[in-house]
Amino acid sequence: MSWIDKVKSKASQIISRPEEAWVECKKCKETIYSAELEENFNVCPKCDYHFRLSARARIQSLLEPNSFTEHDQTLVSTDSLKFKDKKRYKDRIRASIKSGFSHDAIITGSGKLGEHDVELCAFEFKFMGGSMGSVVGEKITRAIERAIENKSAVIIVNCSGGARMQEGILSLMQMAKTASALQKLGEHKLPYISILTDPTTGGVSASFAMLGDFILAEPGATIGFAGARVIEQTIKQKLPEGFQTAEFLWDHGLIDSVVHRKELKGKLEQILSLLAGKN
Amino acid sequence: MVQILEFEREIFAVENQIRELVSLSHMYDSVGDITHEIGKLKKKLRRMKLDIFSNLNGWQKTQVARHPERPHTMDYVDGIFTDFCEQHGDRHGGFGPSIVGGIARLAGQTVMVMGHQKGRTTEEKLRRNFGMAQPEDYRKAQRLMNFAEKFRFPIVTLIDTPGAYPGIDAEEKGQSEAIAKNLMVMSQLKVPIIVVVIGEGGSGGALAIGVGDRVMMLEHSVYSVISPEGCASILWAKKDKVVQAADALCLTAKNLKELNVIDQIVHEPLGGAHRNHKRAIILLRKALKGQLNELLTIPVDKLLEQRAEKFRNMGIFGDITQESQV
């Protein structure tokens with residue numbers, strides 16, 4: 001079957017919901033067939049804009065088929081601060097769980113990447129902006145501990161606005177908790193590869209995201225500590241073009257490589273294989 | 001000029017009354033003996049201070065924590081430690097003016113002491129960048145910590161910052177990496193670390209020197225993932241919701257003790273540290289000595305194990321499989 005046939009067959013599957021058959025690219029504004037977009041790793045075929053990927057799709061795109069075993073999927077937030085802004089935190093959590101993505105903003109588990117055993121953690125942005133609270137911190141920590149036990153590598157695919165305000169100081173402490181776990185991983189000489197996707201900011205970027213032995217980023221991803229708006233308000237001047245993009249970080253020596261999503265799996269295999277030492 | 005917070009007005013009114021009565025009694029013999037009156041007012045004042053300062057809400061605490069006359073890091077360094085020998089620079093091209101540090105003595109023991117310095121005068125505030133640290137500050141802090149580890153000196157860090165500096169330069173130099181690296185290094189540094197939040201504990205910028213064996217907070221200090229203003233503008237889309245935001249964030253010393261994030265609350269003089277530096281210094285010195293003496297008895301491997309365990313257990317969550325079994 002040629003690619004156009006594939007597209008057609010996929011398109012016919014969703015013809016009953018025509019509004020979902022087409023997507024407008026956020027960058028070049030071209031209209032793209034969603035099936036074609038999906039085929040192309042959710043990257044715009046016209047301008048290479050990297051659309052956000054769900055945690056499940058990310059895991060699928062990186063690991064060998066049927067090799068993934070999810071862990072700790074039953075951990076849930078308990079709203080220990082009884083936080084309420086315009087909405088109750090409890091209700092926000094409930095609504096996010098109901099929408100069916102996951103029980104919190106990250107999916108973690110063990111699997112194979114090529115021939116390498118890895119602990120993979122993938123953020124789910126649709127769950128409260130991928131924000132990190134106690135559950136995210138705990139799941140990442142457990143993934144690192146499993147890696148130490150099984151002598152495998154850790155890969156975290158970051159996609160998060162930062163710490164989750166609704167869990168207050170407990171969210172902040174997840175930064176220390178995960179960094180401490182990574183320190184242990186390092187003492188066992190086990191590799192950790194951090195992948196930065198759009199966005200990786202705040203408390204997530206200021207902890208495990210920037211602590212990778214290798215740090216890779218997707219093209220165009222927004223990566224930074226402080227929000228652009230906050231910086232603009234503080235310094236009262238316009239920010240330079242391309243500020244806080246993956247390419248900007250690369251330029252300033254803060255990450256190893258900017259890698260196109262199509263080449264990410266191959267790059268990871270290469271790195272893991274090199275880190276293993278002998279061929 | 002003395003800066004008076006809204007909820008301190010009543011206190012100042014009574015204090016003025018007492019002052020006036022005292023000067024009256026000195027000036028005119030005809031006033032008769034009013035020591036009894038003055039005594040009554042003093043009692044009233046004490047009750048009032050107790051009542052107000054034991055019931056401050058999150059936003060009021062934030063105001064006290066930020067009070068310009070509150071003792072800063074250098075006030076405590078000068079008052080508590082002797083022979084402070086300041087060390088400068090990150091050795092990578094950065095000076096790092098927002099975090100001061102160096103070796104000094106605490107109760108005869110050489111220690112490394114460091115902390116955010118907000119600055120008191122306008123000139124100093126600008127020079128210190130209002131205590132908002134940049135990558136070079138964090139890297140300087142890290143250098144001093146490694147130095148302390150090399151010579152086996154315990155470390156005392158004092159936290160007092162609105163947050164890490166949000167600027168172009170800071171991002172270019174890797175603000176995130178600088179903070180993250182400190183968290184990692186501090187988690188297994190082979191010397192005792194005592195952390196004290198003395199004023200404002202502003203998010204990642206505070207935590208970057210805040211991983212330790214003992215974490216203490218002064219009674220009226222605050223420690224939060226985001227400022228009440230930031231939280232209000234993001235979650236309520238209204239800046240005037242700071243009072244609600246501050247309470248929702250649970251950022252007081254009492255809150256954090258209940259959440260097991262800190263180990264000890266250090267009492268402040270009645271009416272707050274900003275009204276009595278001398279007493280605040282005495283109280284913190286006592287608390288630091290107590291913690292230091294305890295930590296010095298713990299073997300290093302045990303200390304590191306306990307520190308790892310302490311941060312491993314941070315956070316509160318549930319497990320639905322367990323809940324359904326119950």
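Below, chain A is the first sequence line, B the second, and so on; all start at residue 1. These numbers come from a predicted model, not from an experiment.
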When heavy-atom pairs shorter than 4.5 Å are enumerated against chain A, which of [options] gives the highest number?
{"options": "V185(B), N255(B), N260(B), V261(B)", "result": "V261(B)"}
{"options": "L249(B), V211(B), N182(B)", "result": "L249(B)"}
{"options": "A178(B), G315(B), A180(B)", "result": "A180(B)"}
{"options": "K173(B), Q175(B), M184(B)", "result": "M184(B)"}
{"options": "L256(B), I226(B), I179(B), L235(B)", "result": "L235(B)"}
{"options": "Q188(B), E172(B), E177(B)", "result": "E172(B)"}

Does any heavy atom of chain B fall under 4.5 Å from the side chain of [X], the backbone, both, or neither of them?
{"X": "E232(A)", "result": "neither"}
{"X": "K87(A)", "result": "neither"}
{"X": "E187(A)", "result": "side chain"}
{"X": "T234(A)", "result": "side chain"}

Of all of [options], which one pairs up most often with chain B through heavy atoms under 4.5 Å apart?
{"options": "K184(A), M210(A), H103(A), M165(A)", "value": "M165(A)"}
{"options": "A181(A), S205(A), G186(A), P240(A)", "value": "S205(A)"}
{"options": "V230(A), V204(A), T141(A)", "value": "T141(A)"}

If you measure from [atom1] on [X] to [atom2] on [Y], what distance do you get to the nearest 0.5 Å?
{"X": "K310(B)", "Y": "M173(A)", "atom1": "NZ", "atom2": "CE", "answer": "9.0 Å"}
{"X": "I320(B)", "Y": "I97(A)", "atom1": "CD1", "atom2": "CD1", "answer": "7.0 Å"}
{"X": "S187(B)", "Y": "Q183(A)", "atom1": "OG", "atom2": "CD", "answer": "4.5 Å"}
{"X": "I168(B)", "Y": "K238(A)", "atom1": "CD1", "atom2": "NZ", "answer": "11.0 Å"}

Side chains of [X] and [Y], heavy atoms from C-beta outward: is any pair under 4.5 Å?
{"X": "R312(B)", "Y": "E138(A)", "value": "yes"}
{"X": "Q244(B)", "Y": "K84(A)", "value": "no"}
{"X": "T78(A)", "Y": "I316(B)", "value": "yes"}

side-chain contact (heavy atoms from CB on, under 4.5 Å), paired with F317(B), selected from D72(A), V76(A), L75(A)
L75(A)
With distance as the sole test, does E171(B) use its side chain to make a donor-acceptor pair with the main-chain N or O of F225(A) at under 3.5 Å?
yes
Can you say whether I234(B) sits under 4.5 Å from chain A via the side chain, the backbone, both, or neither, judging by heavy atoms?
side chain
Filtered by a 4.5 Å non-hydrogen cutoff, the part of residues 247-259 of chain A contacting chain B is F248(A), H252(A), L254(A)
Which pair of non-hydrogen atoms, one from A176(A) and one from L183(B), has the smallest distance, and what is that distance?
N-CD1, 4.2 Å
